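The structure appears right after this line, and notes come after that.
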Amino acid sequence: PRVEALRQILVQNYHWDPAGCLRWRDDEGGAGLPPSAARIVSPYDPAARYARRGQVTRWTGYLTHVTETCSADGPNVITDVATMPATSDDRQALAGIHTRLERRGLLPAGHLVDGGYTSLVHMERAGREHQVTLVGPLPGNRTRQHRDQDGYARDDFRIDFDRQEVTCPQGQVSKGWHGPYPTSSPDAAPLIVAKFTRSQCQPCPVRAACTTSGDGKRTVGFPPRDLYELQARNRADQQDPAWHKRYAVRSGVEGTVCELANGHGMRHCRYRGQPKAHLQHVLTAIAVNIERLSQPPPGESRSPRPPTAFQDYLDQHDIKRLRSWRAVS
C-alpha cells in the first residue's frame, strides 16, 4: 500500500510540461491537482489530508472535535473526542457526538458550539432527535440588500404561511408560492420560493431598491415554517445580552484545545491511520481528565511534598535553596 500511495503522490504532484521537463504542480487554478479531500499527501498515511482554515491555519492529518462540561461548581471534564478527516465540515461531527453522549448518559440539555457547527437543519435535528438545544450563532442573511444595507431584504417582507402569501413593503401580495424545494447541500434547509409578477414590480417606484433582475421580477426565498421560526428566535436571542453572557462560557473550550495541543502534544500524531490517531486523541483526553480530577477542590491547598535528600543536604549545610536553579551563574 505504501508503494501505491507513493506512486499516486508522484502522479498527483508532478507533470510533464510542453518542453518535456518534469515539473511540480502548484496550488494555482488549472494546475491539475485533485481536491484536498482526495489528494494523498503522505505515503505513510494515505488517509491523512491537507486542510486550511482562514489565511493562517494549515495542517496535514485529521480534525479533532472536543466536547467538555462547563459547570461552574466543579472541574470541567472532556466527555467526547471525535476524530474526522481534515477536510470534513464541522457540522458533520454533531450527529455522532450527540449519539455517543446519549449512549453514555452524558447528553446535555444545551450544547454551546461555535458558528462552524450551526445551521438550521442541525439545530432542528438536535432538538428533534436528542432533545438538545444547540446554542450558537447562525449565519446572517446573505442577500445583496442585507450585505449592502441598502434596499429591501427578505426580512422586510411579511410572510403568511397559513395563506401562503408574502407581502412586500409596498403592500403587493405575491402571486406564486412554490416548494419547499430540497437543496443540494445536506446542511442547507429546504427552500420555499414566493414570486411577484412583472406587472407588480415594474410600475413600483422603489423597484431599484428591491430587485435588479433583468426580468424586473422579485422572488423571495425562505425555509418552511418550523425552521423559519427557529431562525427568527435564534437571531432575536443573539440581540439579548443574556444570550451573550451564556454563550461566553463556550470560550472555555479554547483553553482546553490549547492545553491538549501545547501541553500534551496532541497536534503531533504518533500513529498512522485515523483509528490509531483517534486512540491517541482519546488517551490524551483521559490524561487531561485525570489531571483535572486530581486537583484539590477550590479553597483547599495540596499538602507540600516532603523534601528530597538533596534538599535536606542543602538545609543541613546552610546552603540557600534558590527558587530557580536557572538563576545560578
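Only a predicted model underlies this, so the values are computations on that prediction, with no experimental measurement involved.
- Annotation: the span from K175 atom NZ to R198 atom CZ amounts to 15.5 Å, rounded to 0.5 Å.
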Legend entry - Worked verdict on D315 versus Q311 for side-chain hydrogen bond (donor to acceptor under 3.5 Å, both in side chains): CA-CA 6 Å; D315 294 338; Q311 291 171 339; over 6 Å; no

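- Listed by first and then second residue, the salt bridge (Lys or Arg N to Asp or Glu O under 4.0 Å) pairs involving residues 277-289 amount to none (not counting sequence neighbours).
- In this structure, the side chain of H178 does not engage the main chain of A194 through any donor-acceptor pair within 3.5 Å.
- H264 is linked by a ring pair (Phe, Tyr, Trp, His ring centres under 6.0 Å) to nothing, counting only residues two or more places apart in sequence or in another chain.
- Nearest heavy-atom pair, D114 versus R250, reported as atom, atom and distance to 0.1 Å: N-CD, 3.5 Å.
- Closest non-hydrogen pair, Y271 versus A277, comes out as CB-N, 4.4 Å.
- Side chain to side chain, Q316 and D312 fail the donor-acceptor criterion of an N or O pair below 3.5 Å.
- Using a distance-only test at 3.5 Å, with no hydrogens or angles considered, a donor-acceptor pair links the side chain of N76 to the main chain of S71.
- Looking at every heavy atom in both residues, E124 comes nearest to L227 through CB-CD2, 3.6 Å.
- With rounding to the nearest 0.5 angstrom, the CD atom of E291 is 13.0 Å from the CD1 atom of I286.
- Remark: R163 engages E165 in a salt bridge (charged side-chain N to carboxylate O under 4.0 Å, His left out) (not counting sequence neighbours).
- Proximity of a side-chain donor or acceptor of R218 to a complementary backbone N or O of C210 within less than 3.5 Å is detected.
- Taking both residues in full, the closest heavy atoms of Q280 and M266 are given as NE2-O, 4.1 Å, listed atom of the first, atom of the second, then distance.
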Legend entry - Derivation of the ring pair (Phe, Tyr, Trp, His ring centres under 6.0 Å) call for H98 and H111: CA-CA 9 Å; H98 290 160; H111 190 178; 5.1 Å; yes

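- In this structure, CG on L260 lies 9.5 Å from NE2 on H281, to the nearest 0.5 angstrom.
- Counting only distance, with no hydrogens or angles, the side chain of R158 and the backbone of D155 share no donor-acceptor pair below 3.5 Å.
- For residues 255-270, every residue pair satisfying the salt bridge (Lys or Arg N to Asp or Glu O under 4.0 Å) rule, not counting sequence neighbours, is listed here: E259-R292.
- Dense packing is recorded around CZ of R225, with more than 12 heavy atoms of other residues, nucleotides or ligands lying under 6.0 Å away.
- Applying the ring pair (Phe, Tyr, Trp, His ring centres under 6.0 Å) test to F222 and every residue at least two apart in sequence or in another chain returns F161, W177.
- Under a hydrophobic clustering in which Ile, Leu, Val, Met, Phe, Trp and Tyr are joined whenever their side-chain heavy atoms come within less than 4.5 Å, directly or via other members, V113 and M123 fall into the same cluster.
- Hydrophobic side-chain contacts under 4.5 Å tie V132 into a cluster, directly or through other members, with I97, L101, L106, L107.
- Expressed to the nearest 0.5 Å, how far OG of S185 lies from CG of D89 amounts to 8.0 Å.
- Other members of the cluster containing V193 are Y181, L191, with ILVMFWY side chains joined at under 4.5 Å, either directly or via other members.
- Residues passing the ring pair (Phe, Tyr, Trp, His ring centres under 6.0 Å) test with Y313, sequence neighbours excluded: H317.
- When hydrophobic residues (I, L, V, M, F, W, Y) are linked wherever their side-chain heavy atoms come within less than 4.5 Å, the members clustered with V77 are L293.
- A donor-acceptor contact under 3.5 angstrom links the side chains of T197 and Q200, judged on distance only.
- Atom OG1 of residue T284 and atom CG of residue N289 lie 11.0 Å apart, to the nearest 0.5 angstrom.
- Between the side chain of T118 and the main chain of P137, a donor-acceptor pair closer than 3.5 Å is present.
- For G136 against Q238, the heavy-atom pair with the smallest separation is O-NE2, 4.2 Å.
- Through chains of ILVMFWY side-chain contacts below 4.5 Å, W243 is grouped with L112, V135, Y247, V249.
- Residues W59 and V257 do not share a hydrophobic cluster, clusters being chains of Ile/Leu/Val/Met/Phe/Trp/Tyr side chains in contact below 4.5 Å.
- H65 meets the ring pair (Phe, Tyr, Trp, His ring centres under 6.0 Å) test with Y117; sequence neighbours excluded.
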Inset, instruction - Test D80 against R104 for side-chain contact (heavy atoms from CB on, under 4.5 Å), laying out the working first. - result: CA-CA 10 Å; D80 186 81; R104 300 169 189 151; 3.0 Å; yes

Legend entry - Worked check of side-chain contact (heavy atoms from CB on, under 4.5 Å) between L283 and L279: CA-CA 6 Å; L283 293 176; L279 176 61; 4.1 Å; yes

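- Following chains of ILVMFWY side-chain contacts shorter than 4.5 Å, one cannot reach V66 starting from L63, and the two form parts of different hydrophobic clusters.
- When atom types are taken as modelled, the side chain of Y44 and the backbone of R272 share no donor-acceptor pair closer than 3.5 angstrom.
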Legend entry - From CA spacing to verdict: side-chain contact (heavy atoms from CB on, under 4.5 Å), C201, R207: CA-CA 6 Å; C201 294; R207 180 168 62 89; 4.2 Å; yes

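- Side-chain atoms of D156 come within 3.5 Å of backbone N or O of A153 as a donor-acceptor pair.
- Here the shortest heavy-atom pairing between Y50 and T60 reads CD1-OG1, 4.0 Å.
- Atom SG of residue C168 and atom OH of residue Y152 lie 8.0 Å apart, to the nearest 0.5 angstrom.
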Inset, instruction - Assess whether side-chain contact (heavy atoms from CB on, under 4.5 Å) is satisfied between Y228 and L120, documenting all intermediate values. - result: CA-CA 9 Å; Y228 179 81; L120 277 175; over 6 Å; no

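- Side chains of N234 and Q231 form no contact here, defined as non-hydrogen atoms less than 4.5 Å apart.
- In this structure, S174 has no side-chain hydrogen bond (donor to acceptor under 3.5 Å, both in side chains) partners at least two apart in sequence or on a different chain.
- With respect to R53 and D90, a salt bridge is recorded, a charged nitrogen being found less than 4.0 Å from a carboxylate O.
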